[in-house]
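Worksheet for the structure shown next.
Keep in mind it's a predicted model, so treat the numbers as computed, not measured.
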Amino acid sequence: MGNTAAMFTMETDVVAGRGTGSSRLPLLLQLVSPTLPVGAYAYSQGLEQAVEWGWVIDERSAHDWITGVLLSSLMTLDVPVLQRLALAWEQSDYAALCRWNAFLLACRETSELRAEDRNLGQALRRLLPALDVQGLAELQREHATLTPCYALGFTCVGSHWQIDIRTLATGYCWSWVENQVMAALKLMSLGQTAGQRMLLSLGRLIDEQIDTALALSDDHITSSLPGFAMASAAHEIQFSRLFRS
């Protein structure tokens, strides 16, 4: 009975974000897992259109496409905003949370990308009460018109579970990269081995670039990918498609 009680206490502490440092890894893995029911698998973020146009045709060009978006969008926009959202959660700064949430949504270049971010954010918002994470619900009680983006909910969970920002941002990037690689495998005649090669290379790139991304000042937060925006916009009217973006 004593051992059972101790195990229950430990599990409760982990879910509440009160565990030891070693408990953070399972929590991060849960947050970035493809099984997280937010529907991220349904989106390719313009990659499907890039394949349709012949911009992406094989493993090398898929790796180049994903690398380009990672370095010139996630690392220069999403990651520094994640850091600011995480700090705002820590300080219970609701004004900053709303401001950076609106900023990130405004930076999504096309209606599909904005809809994707909103849909993922709403799906994560519905999941949070089951994870005993109340921060986002409290924020929305104060700001009823707020439409949460995915990063807002993601950092809410990270703050509640006390996952440090470098680890949290690494997980966020890894989740995006994994989804992009899986989309590439579905869209082209690429095998699982090619996917693993891409993930190995892209994972190293995340680790190399994450600190630089976290060091960006407000004035240097940006995203500049005209080809990415063009592919996303064209995908809205693509005749036959597998993905929602």
Item to complete: Quick one: pull up CD1 in I210 and OG1 in T170 and give me the separation to the nearest 0.5 Å.
Response: 4.5 Å
Discussion item. Under 3.5 Å, is there a donor on one side chain and an acceptor on the other for S61 and D58?
Written reply: yes
Worksheet entry | Contact summary for A231 and G46, nearest pair of heavy atoms | CB-O, 3.6 Å
Worksheet item: Do the non-hydrogen side-chain atoms of L146 and L139 ever get within less than 4.5 Å of each other?
Response: yes
Worksheet item: When rounded to the nearest 0.5 angstrom, what is the spacing between CZ in R125 and CD in Q140?
Response: 5.5 Å
Practice prompt. Run the salt-bridge test on D78 and R108 with the 4.0 Å N-O cut-off and return the result as yes or no.
Written response: yes
Worksheet item: Passes side-chain hydrogen bond (donor to acceptor under 3.5 Å, both in side chains), H220 versus S217? Steps please.
Response: CA-CA 5 Å; H220 289 90; S217 67; 2.8 Å; yes
Discussion item. To the closest 0.5 Å, what do you measure between CD (Q91) and CG (L87)?
Written reply: 4.0 Å
Worksheet item: Are the side chain of S44 and the backbone of F243 linked by a donor-acceptor contact shorter than 3.5 Å?
Response: no
Item to complete: Kindly write out the residues that satisfy ring pair (Phe, Tyr, Trp, His ring centres under 6.0 Å) with F154, not counting sequence neighbours, or none if the list is empty.
Response: Y150, Y172
Worksheet item: Is the closest side-chain heavy-atom distance between L187 and L47 below 4.5 Å?
Response: yes
Worksheet item: How long is the gap from CD on E112 to CG on N119, to the nearest 0.5 Å?
Response: 11.0 Å
Fill in: Donor-acceptor under 3.5 Å (Q83 side chain, L214 main chain)
yes
Fill in: Trace of the side chain to side chain contact (heavy atoms under 4.5 Å, CB included) decision for L152 with W100
CA-CA 9 Å; L152 183 66; W100 286 112; over 6 Å; no
Item to complete: Mind running side chain to side chain contact (heavy atoms under 4.5 Å, CB included) on E52 and F239 for me, showing each step along the way?
Response: CA-CA 10 Å; E52 177 72 14; F239 177 71; over 6 Å; no
Item to complete: Taking all heavy atoms of V133 and all of C156, pick out the closest pair and write down the distance.
Response: CG1-SG, 3.7 Å
Worksheet entry | Between CG on residue L31 and CG on residue L131, distance to nearest 0.5 Å | 8.5 Å
Worksheet entry | Gap between atom CG of L190 and atom CG of L185 - 0.5 Å precision | 6.0 Å
Worksheet item: When clusters are formed by joining ILVMFWY residues with side-chain heavy atoms under 4.5 Å apart, either directly or through shared neighbours, do W161 and L36 land in the same one?
Response: yes
Discussion item. Before you tell me yes or no, could you show the steps for V56 and D64 under side chain to side chain contact (heavy atoms under 4.5 Å, CB included), namely the whole-Å CA-CA distance, both residues' side-chain angles and the distance that decides it to 0.1 Å?
Written reply: CA-CA 9 Å; V56 176; D64 289 346; over 6 Å; no
Worksheet item: Are any non-hydrogen side-chain atoms of L27 and Q162 less than 4.5 angstrom apart?
Response: no
Response to the item:
Given the options T76, D218, L104, V81 meets side-chain contact (heavy atoms from CB on, under 4.5 Å) only with L104
Discussion item. Counting only heavy atoms from other residues, nucleotides and ligands, does the tally under 6.0 Å from CD1 of I237 exceed 12?
Written reply: no
Worksheet item: Out of curiosity, does W53 fall in the hydrophobic cluster containing L113 (side-chain heavy atoms, cut-off under 4.5 Å, transitive links)?
Response: yes
Discussion item. Looking at D117 and C149, would you say the former's side chain and the latter's main chain have a donor-acceptor pair under 3.5 Å?
Written reply: no
Practice prompt. Using a strict 4.0 Å threshold on nitrogen-to-oxygen distance, state whether E116 and R244 make a salt bridge.
Written response: no
Worksheet item: So, Q122 side chain and P148 main chain: donor-acceptor pair closer than 3.5 Å or not?
Response: no
Practice prompt. Kindly work out whether a path of hydrophobic side-chain contacts (I/L/V/M/F/W/Y, heavy atoms less than 4.5 Å apart) joins L199 to L205.
Written response: yes
Discussion item. How close do M188 and A62 get, counting heavy atoms only, and between which atoms?
Written reply: CE-CB, 3.8 Å
Worksheet entry | Residue pair Y41, M182: steps toward the side chain to side chain contact (heavy atoms under 4.5 Å, CB included) verdict | CA-CA 8 Å; Y41 64 87; M182 292 306 299; over 6 Å; no
Worksheet entry | Non-hydrogen atoms of T110 and A233 that approach each other most closely | CG2-N, 3.7 Å
Fill in: Neighbour count above 12 (heavy atom, 6.0 Å) for E90 CD
no
Worksheet item: Should we count CZ of F103 as having more than 12 external heavy atoms under 6.0 Å?
Response: yes
Worksheet item: Is S223 reaching over with its side chain to a backbone N or O of S73, donor-acceptor style, under 3.5 angstrom?
Response: no
Response to the item:
Closest heavy-atom pair, L82 versus A169, reported as atoms and distance to 0.1 Å, is CD1-CA, 4.1 Å
Worksheet item: Between D207 and R166, does at least one N-O distance fall below 4.0 Å, as a salt bridge requires?
Response: yes
Worksheet item: Does R118 have any side chain to side chain contact (heavy atoms under 4.5 Å, CB included) partners at least two apart in sequence or in another chain, and if so, which?
Response: L105, R114, T147
Practice prompt. Report whether V69 and W174 are members of the same hydrophobic cluster (ILVMFWY, side-chain heavy atoms less than 4.5 Å apart, transitive linking).
Written response: yes
Worksheet, complete the sentence: Shortest non-hydrogen pair, P37 vs L127, comes out as CD-CD2, 3.9 Å
Worksheet item: Side chains of E236 and S111: donor-acceptor distance under 3.5 Å anywhere?
Response: yes
Worksheet item: How about L97 and H143: do any of their side-chain heavy atoms sit closer than 4.5 Å?
Response: no
Worksheet item: Is D164 paired with R24 through a side-chain N to carboxylate O contact shorter than 4.0 Å?
Response: no
Worksheet item: Checking S159 side chain against T155 main chain: does a donor-acceptor pair fall under 3.5 Å?
Response: no
Fill in: Hydrophobic cluster identity match, I165 and L216, side-chain contacts under 4.5 Å
no
Worksheet item: Under a 4.5 Å cut-off applied to non-hydrogen side-chain atoms, are E178 and P34 in contact?
Response: yes
Item to complete: Check the angle between the aromatic planes of W55 and W65 and answer parallel, tilted or perpendicular using the 30° and 60° thresholds.
Response: tilted
Worksheet entry | Audit row: H63, S201, side-chain hydrogen bond (donor to acceptor under 3.5 Å, both in side chains) steps and yes/no | CA-CA 9 Å; H63 182 277; S201 173; 2.8 Å; yes
Worksheet item: Are the side chains of L128 and Q134 in touch, meaning some heavy atoms are under 4.5 Å apart?
Response: no
